[in-house]
Amino acid sequence: MRGLQAGLALLILALAVLLPLHLPGVADSAWLSTSLAAAITALGWGLLGTWRVRALLAWLRQPRERAAPVLGGAFAELIYRIERLLDGARRDAERERLRLQNFLSAIEASPNGVLLLDANEQIVWLNSQAADHFGLHPERDLMQRITNLVRHPDFVRYLQSNQYQQMLTVPLHDGRSLALTLRHYGEGARLLLSQDVSERERTEAMRRDFVANVSHEIRTPLAALTGFVETMATLPLQEGERARVLELMRQQSQRMQSLVDDLLTLARLEGSPRPPADAWWSLDDLLDLVQAEAQGLSAGRHEFVWPQARTGLALAGVDSEVHSALTNLLSNAVRYTPPQGCISLSLERLEDGGLQLSVQDNGPGIAAEHLPRLTERFYRVDGSRSRATGGTGLGLSIVKHICQRHGGQLRIESEVGRGSRFSLCWPANRVRSA
């Protein structure tokens, strides 16, 4: 490039000097020769300047694909400064690109859905959570009107109302619920935020059901106690009648006490940390205790089958909680198994080193549709019969929580007419030889 510029300069100089010498009638006129040389020189430099400008423009049109021309003079400084500006602009653009990428990555990592709409309600951008919430494709559905893709009537009314002070909760066809929030930004654009609130709504529904069930369970014995008190206060009772009424009052108050105790037990289990696996106690001692309690509760009405040999095992955890779990299972078996029925307690070492303690009876059994819900609070297969036997409806829920707190699980098997089997599965890290 520099050689080309030097050649052009020498050519211009030669033309300016030699051309007047070869023009007839001009060589004798010094003034005309000088003028002509100056004109040729100016023309040459003009052509050179035009060529430099065109070379500069050609480079500016594609600065990334072409090397900067070497033009010399003031053009060299101009190209140098342009290159500095271009490099600075590239660095700024790269920084902004990385910043935008980090910002979008942060939004993508959000557990909430984020969707951008333009003034025409077309989807400009959305993260994967929003795509999952609304059943959209993050690329194929871009620039589509959202009302063509999300047609829930409540959402369409909310979008078109322009009144976005309140959050909208929309139930989906798959059973989930979305909390939606719209906000204006820019010139007519809108930001749509979505959050899956299915679990929260289920928890709130469970809490409402729990309060309603507790109120119902307490209201029945409380109403009975109130009636008995009014009876004793207003009617002259014989000694036998008075004793019978007092016995009924005792039973109802004991039922309320049992309900309160079970509720407090559940609250304590749910609010306590998992027991450490370093407090060991003898399983045989516990089995001796629950065996005596179950036989006392049965009062000879049932046949029991117990492990014949001492296990020689120790379990880790809270022994009082395991005692409560086994007592619940055995007392249920005693209450629901008809007289002369058989109740057994068995132990089995699992392949992974864990331990399974099973309580089995040959009572009426439970239909398959009830099995998944047996551990729900206050769930009863036969409510009137359960209350008559003194149950609170919280026993199996307590057993399940005790198992989960110790890293185990409760397994339930039952068949109508063939009895039931409830098994406590204890993890291997909480079982060892005593």
Side-chain angles (χ1 to χ4, degrees), residues 262 265 269 275 280-366 371 374-375 381 386 389-392 394-428 430-434:
D262 284 349
T265 300
L269 292 174
W280 297 90
W281 40 269
S282 171
L283 175 61
D284 291 318
D285 294 343
L286 176 64
L287 293 180
D288 291 341
L289 178 60
V290 297
Q291 177 180 349
E293 292 175 344
Q295 290 175 334
L297 182 63
S298 172
R301 298 191 307 271
H302 304 88
E303 177 187 355
F304 287 93
V305 178
W306 307 102
Q308 295 300 315
R310 307 288 286 180
T311 66
L313 296 177
L315 301 185
V318 182
D319 57 345
S320 62
E321 293 184 6
V322 185
H323 171 256
S324 175
L326 281 176
T327 301
N328 264 298
L329 296 182
L330 286 169
S331 62
N332 283 345
V334 170
R335 282 199 295 264
Y336 300 128
T337 302
Q340 309 308 317
C342 181
I343 300 172
S344 65
L345 174 64
S346 61
L347 291 85
E348 178 185 356
R349 292 302 297 268
L350 303 177
E351 293 182 358
D352 61 356
L355 178 68
Q356 179 172 289
L357 296 91
S358 301
V359 175
Q360 187 168 354
D361 62 65
N362 60 354
I366 304 169
L371 297 183
L374 282 181
T375 57
V381 177
S386 299
T389 56
T392 63
L394 297 173
L396 290 179
S397 182
I398 292 174
V399 174
K400 182 189 73 171
H401 277 80
I402 291 173
C403 288
Q404 291 176 344
R405 274 171 45 78
H406 288 81
Q409 60 177 320
L410 172 64
R411 295 177 181 173
I412 304 175
E413 305 166 70
S414 186
E415 186 177 345
V416 175
R418 303 192 63 178
S420 305
R421 178 185 177 95
F422 295 82
S423 301
L424 304 179
C425 298
W426 225 245
R430 292 181 179 269
V431 182
R432 74 178 185 186
S433 297

Practice task
State, with a plain yes or no, whether a side-chain heavy atom of R421 is found less than 4.5 Å away from one of S346.
Solution key: yes

Handout entry: Student check: side-chain heavy atoms of S358 and S344 closer than 4.5 Å
Key = no

Problem - Check: R301 side chain, S298 main-chain N or O, donor-acceptor pair, under 3.5 Å - result: yes

Handout entry: From CA spacing to verdict: side chain to side chain contact (heavy atoms under 4.5 Å, CB included), V305, L345
Key = CA-CA 6 Å; V305 178; L345 174 64; over 6 Å; no

Exercise for the section: Drop me the distance from L330's CG to D361's CG, to the nearest 0.5 angstrom. Expected result: 10.0 Å

Handout entry: Nearest-0.5 Å distance, CD1 of residue I398 to CG of residue L410
Key = 12.5 Å

Exercise for the section: Give the C-alpha distance, both sets of side-chain angles, the deciding distance and a yes or no for side chain to side chain contact (heavy atoms under 4.5 Å, CB included) between R335 and N332. Expected result: CA-CA 5 Å; R335 282 199 295 264; N332 283 345; 2.7 Å; yes

Problem - Backbone of V318 reached by a side-chain donor or acceptor of H406 within 3.5 Å - result: yes

Problem - Spacing of L424 atom CG and K400 atom NZ [to the nearest 0.5 Å] - result: 14.0 Å

Handout entry: Taking every non-hydrogen atom, the tightest pair across T375 and L396
Key = CG2-O, 4.0 Å

Exercise for the section: List the steps and the verdict of side chain to side chain contact (heavy atoms under 4.5 Å, CB included) for D319 and L286. Expected result: CA-CA 8 Å; D319 57 345; L286 176 64; 5.8 Å; no

Problem - Nearest heavy-atom neighbours spanning I366 and V416 - result: C-CG2, 3.8 Å

Practice task
Measure up the H302 and F304 rings against each other and bin them: parallel (under 30°), tilted (30 to 60°), perpendicular (over 60°).
Solution key: perpendicular

Completion exercise
Correct closest heavy-atom pair for Q356 and C425 would be OE1-SG, 3.5 Å

Completion exercise
OG of S420 to CG of L371, rounded to nearest 0.5 Å, is 8.0 Å

Practice task
Check whether any side-chain heavy atom of H401 sits under 4.5 Å from a side-chain heavy atom of T265, and report yes or no.
Solution key: no

Handout entry: Least distance between heavy atoms, A325 atom then V399 atom
Key = O-CG2, 3.7 Å

Fill in the blank from the handout: In short, A294 meets V334 closest at the heavy-atom pair O-CG2, 4.2 Å

Fill in the blank from the handout: Rounding to 0.5 Å, atoms CD (E413) and CZ (R418) come to a distance of 12.0 Å

Exercise for the section: Identify whether the distance between the nearest side-chain nitrogen and carboxylate oxygen of D288 and R310 falls below 4.0 Å. Expected result: yes

Practice task
Answer yes or no: is there a side-chain heavy-atom contact under 4.5 Å between L357 and L283?
Solution key: yes

Practice task
Verify, without hydrogens or angle tests, whether D284 (side chain) and T311 (backbone) share a donor-acceptor contact under 3.5 angstrom.
Solution key: yes

Handout entry: Rounded distance (nearest 0.5 Å) linking atom CD1 of I402 with atom CD of E321
Key = 5.5 Å

Problem - Heavy-atom donor-acceptor pair, Q308 side chain to W306 backbone, under 3.5 Å - result: yes

Exercise for the section: Determine whether E293 and T327 make a side-chain contact, defined as any pair of heavy atoms from C-beta on separated by less than 4.5 Å. Expected result: yes

Handout entry: Flag, side chain of R430 to backbone of L315, donor-acceptor distance under 3.5 Å
Key = no

Handout entry: Verdict with supporting geometry, R349 and V431, side chain to side chain contact (heavy atoms under 4.5 Å, CB included)
Key = CA-CA 10 Å; R349 292 302 297 268; V431 182; 3.9 Å; yes

Problem - Donor-acceptor contact below 3.5 Å, side chain N362 vs main chain C342 - result: yes

Completion exercise
Smallest heavy-atom separation, L347 atom then P307 atom, equals CD1-CG, 3.3 Å

